[in-house]
Number of protein chains: 2
Amino acid sequence: MESFKYRELQQLLKSQIIKGVFKEGDLLPSENELSSVHDMTRTTVRHALQKMEKEGYIIKKKGKGSIVNLKKKRLGLLSFKGFSEVIGSSDEQVSNEILVGPVLQNWPNDFFYELGEEELSTDVYYLCRLRSVNEHVVMLEHTYIPNFGLEDFEKRVLINGSLFSTMVIDYQIEVTSMDQEVRAIKPDKITAKLLNVDKTDPILHAYRKYGTSKEGFFFYSSLFFNTKDYAIGSYFQ
Amino acid sequence: MESFKYRELQQLLKSQIIKGVFKEGDLLPSENELSSVHDMTRTTVRHALQKMEKEGYIIKKKGKGSIVNLKKKRLGLLSFKGFSEVIGSSDEQVSNEILVGPVLQNWPNDFFYELGEEELSTDVYYLCRLRSVNEHVVMLEHTYIPNFGLEDFEKRVLINGSLFSTMVIDYQIEVTSMDQEVRAIKPDKITAKLLNVDKTDPILHAYRKYGTSKEGFFFYSSLFFNTKDYAIGSYFQ
DNA sequence: GAGTGGTCTAGACCACCTG
DNA sequence: AGGTGGTCTAGACCACTCG
C-alpha cells in the first residue's frame with residue numbers, strides 16, 4: 001500500500017538479483033549512478049541499499065561498490081533466508097523434493113502456534129518438502145500457508161525452487177521476520193526413515209513463524225534436521 | 001581508534017542503558033533533543049539510533065519515541081546477544097554459575113575453530129559457566145578468550161553477570177558478529193550430569209565464533225543446551 | 001587521479017501518537 | 001495542537017580502491 005522511493009528501488013534491485021540480472025559477486029551500479037538514473041538523492045539510494053545489506057542481499061565495500069551476495073559458507077538454516085537462497089550458489093549439489101505438493105486443507109488440530117481468528121477462518125496450503133545436499137538428506141519441512149488471496153498457488157512452480165522468491169515475485173510478499181523454537185529430539189519412525197537416520201539418533205527440530213510485509217499475513221513451518229552429515233550453520237551481524 | 005560522532009552517541013546511550021540510566025521500557029530523549037544537546041544533525045542521531053535498533057537495544061515507534069528494549073520473549077540463545085541480555089529483564093529466575101573462573105591457559109589441542117598465527121601465539125582465558133532458568137539447568141558454556149591485552153581479566157566481576165557488557169564497558173570491545181554450527185547430539189557423561197539429563201536424552205550443541213569491533217579479535221564458545229524444559233527461541237528481523 | 005562508499009550538515013514535509 | 005519518528009532533498013568533505 002504505502003509507497004516510498006527507497007522501497008521501490010529496493011524492490012527493483014532485489015527482483016533483479018533474484019531474476020539474475022545481477023549475479024553473485026557482481027557490482028551493483030554505484031550510488032551516484034542509481035541516484036541520477038532514478039532521480040533521487042544519494043541519501044535515499046543509501047537508505048535502500050542499507051536495507052538490502054541488512055537483509056543479506058549485498059555487501060558494501062568502501063571504495064569498491066555494492067557486491068551481490070547470496071551464498072553463505074554453510075547451511076545457514078537458522079537464519080531466516082529460505083533454504084534455496086542459503087544453499088543456492090555454493091558448490092553443493094542441492095535437491096529439493098516436494099513430497100506433498102501445495103494442497104488446500106483445514107488447519108491441523110493443536111497447531112503448534114496460536115492462530116488468530118482470521119487465520120482460523122481460512123483454509124491453508126500444506127507443503128511437505130525434503131531437502132538434500134550432496135545426496136545427504138538434511139531437512140524435512142512441513143509448511144502451512146494461510147490462503148489469504150494466493151491465487152492459483154497450487155499451480156505455481158517455485159521460482160528457483162524457492163518459496164521465498166516465489167512470494168516476492170508472484171505475490172509481492174516479502175518475508176520480514178522469523179520467530180522459531182528449537183529443540184533436540186528423538187525422531188519418530190516416519191521422520192527417521194525420511195531423514196535416513198536411526199531412531200536413536202538425535203535430530204534437531206524447529207517450529208517457525210514467518211512474518212511478512214503483508215499486514216497480518218504469517219506462515220508456519222515445522223522442520224526436522226539431520227545434523228549427522230552437515231551441521232546447521234548460521235551467521236549474524 | 002576511528003572516531004565518529006554517531007558512534008560516540010551510540011556508545012554513550014548503550015552504556016547508559018547497560019548501567020541502568022535508561023531502563024527497560026523507558027523512552028530515550030527524542031531525536032531533536034539528542035541532536036541539539038550533542039550538537040549534531042538529526043540525520044546523525046538517526047544513524048546512531050538505527051544501529052542501536054539493529055543491535056536490539058531499542059525499538060522505535062513512530063509518533064512515540066525510542067523505547068529501551070532488552071528482553072526477548074523466550075531464550076534467544078541462537079541470536080548473538082549474550083545470555084544475560086536475552087534473559088535479563090524477564091520474569092524468569094536466572095542463575096549464572098561460574099564453574100571454572102577465568103583462568104589463563106594454553107589453547108586446547110584440536111581446537112574447534114581454525115586459529116590464526118597471532119591467536120596461537122597468545123595464551124587464552126578459559127571460562128566454564130552453567131546457566132539455569134527457574135532452577136532448570138538449560139546451558140553449559142565453555143568460553144575461550146585470547147589474551148590480547150585484556151588487563152586483569154581474571155579479576156573482573158562480570159557486569160550484570162554478563163560477559164558482553166563487561167567487554168563493552170571495561171574494554172570498549174563490542175561484539176559485532178557471530179558464526180555458529182549447531183548439531184543435535186547425545187551428551188557425554190559429564191555434560192549429561194551437569195545439564196541434569198539422561199545420557200540417552202538428545203541435547204543441542206553449538207560451536208561459536210564471535211567477531212568484535214577490535215580488528216582481529218575473536219573469541220569462541222562451545223555450548224550444550226538442555227532443550228527438555230525450555231526450547232531455544234530466536235527472533236530475526 | 002577518478003570513482004566509490006562513509007560521514008555529516010541544514011534544512012523540509014509528512015504520518016502517527018498523545019494530552 | 002504539539003511533539004515524535006519516517007521520508008527526502010541538495011549539497012559537502014573524507015578514506016578507501018584500483019588502474
Side-chain angles (χ1 to χ4, degrees), chain A residues 1-14 16-17 22 25-69 174 176-177 211 213 215-216 237, chain B residues 1-14 17 22 25-69 174 176-177 211 213-216 237:
Chain A
M1 309 310 122
E2 44 183 1
S3 158
F4 302 115
K5 291 181 98 170
Y6 83 87
R7 196 140 187 68
E8 279 166 21
L9 176 59
Q10 189 189 346
Q11 302 222 353
L12 173 68
L13 292 173
K14 234 185 264 187
Q16 285 179 330
I17 289 175
F22 302 112
D26 284 359
L27 288 176
L28 291 187
S30 76
E31 297 181 352
N32 282 315
E33 190 175 342
L34 288 172
S35 71
S36 69
V37 168
H38 295 94
D39 191 36
M40 50 178 77
T41 342
R42 226 188 104 204
T43 311
T44 305
V45 172
R46 283 181 63 72
H47 194 170
L49 295 183
Q50 215 161 57
K51 293 264 184 183
M52 291 181 61
E53 183 175 31
K54 190 180 160 189
E55 295 168 22
Y57 284 86
I58 58 173
I59 294 171
K60 292 172 141 215
K61 298 274 190 194
K62 193 197 290 198
K64 191 90 179 293
S66 299
I67 304 165
V68 174
N69 164 264
E174 295 209 59
T176 55
S177 69
S213 53
E215 177 77 19
Q237 65 178 183
Chain B
M1 309 314 121
E2 44 182 0
S3 156
F4 301 116
K5 292 181 99 171
Y6 83 89
R7 195 141 187 67
E8 279 167 22
L9 176 59
Q10 189 189 344
Q11 302 222 352
L12 173 68
L13 292 173
K14 233 184 264 186
I17 289 174
F22 302 112
D26 284 0
L27 287 176
L28 290 186
S30 77
E31 296 180 351
N32 282 314
E33 189 175 341
L34 287 171
S35 72
S36 68
V37 167
H38 295 93
D39 191 36
M40 50 178 76
T41 342
R42 224 187 106 205
T43 310
T44 305
V45 172
R46 282 181 62 74
H47 194 170
L49 295 182
Q50 215 161 60
K51 294 264 186 182
M52 291 181 63
E53 183 174 33
K54 189 180 160 189
E55 295 168 22
Y57 284 87
I58 57 172
I59 295 171
K60 293 172 142 217
K61 298 273 189 192
K62 192 196 289 198
K64 191 90 178 292
S66 298
I67 304 166
V68 174
N69 165 262
E174 296 209 56
T176 54
S177 69
S213 53
K214 188 174 172 182
E215 178 77 19
Q237 66 177 186

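Computed from heavy atoms alone, side chains included, the values below leave out hydrogens, waters and symmetry copies. The shown structure was predicted, so the numbers you read here are calculated from the model rather than taken from an experiment. By convention in this document, chain letters (A, B, ...) are assigned in the order of the sequence lines, proteins followed by strands, and residues within each chain are numbered from 1.
Looking at every heavy atom in both residues, B:Lys14 comes nearest to B:Met52 through N-CE, 4.1 Å.
Partner of B:Ile58 under the side-chain contact (heavy atoms from CB on, under 4.5 Å) criterion, chosen from B:Asn69, B:Ile67, B:Ile17: B:Ile17. Between B:Glu31 and the options B:Lys64, B:Arg46, B:Lys62, a salt bridge (Lys or Arg N to Asp or Glu O under 4.0 Å) holds for only B:Arg46.
A 4.0 Å heavy-atom criterion places the boundary nucleotides of DNA chain D facing chain A at D:dT7 to D:dC18, written 5' to 3'.
If you find the closest nucleotide of DNA chain D to A:Thr43 and to B:Arg42, the one lying nearer the 5' end belongs to B:Arg42.
Remark: the backbone N or O of A:Asp39 is paired with a side-chain donor or acceptor of A:Lys5 at under 3.5 angstrom. Using modelled atom types, one side-chain atom of B:His38 and one backbone atom of B:Leu34 make a donor-acceptor pair closer than 3.5 Å. Between the side chain of B:Ser30 and the backbone N or O of B:Glu33 there is at least one donor-acceptor pair closer than 3.5 Å.
Distance, A:Leu27 CG to C:dG3 P: 15 Å, rounded to whole Å. The separation between B:His47 atom NE2 and C:dG5 atom P is 15 Å, rounded to whole Å. Between A:Ile58 atom CD1 and C:dT4 atom P the separation is 15 Å, expressed in whole Å.
Two residues are said to be in side-chain contact when any heavy atoms from C-beta on lie closer than 4.5 Å; A:Arg7 and A:Gln11 meet this criterion.
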**Item:** Contact pattern, 5' to 3', of nucleotides 14-19 of chain C - B, S or - by protein heavy atom under 4.0 Å
**Value:** --BSS-
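Rounding to the nearest 0.5 Å places OH of B:Tyr6 at 10.5 Å from CD of B:Gln50.
For the pair A:Ser30 and C:dT4, the criterion of a side-chain N or O lying under 4.0 Å from OP1 or OP2 is met.
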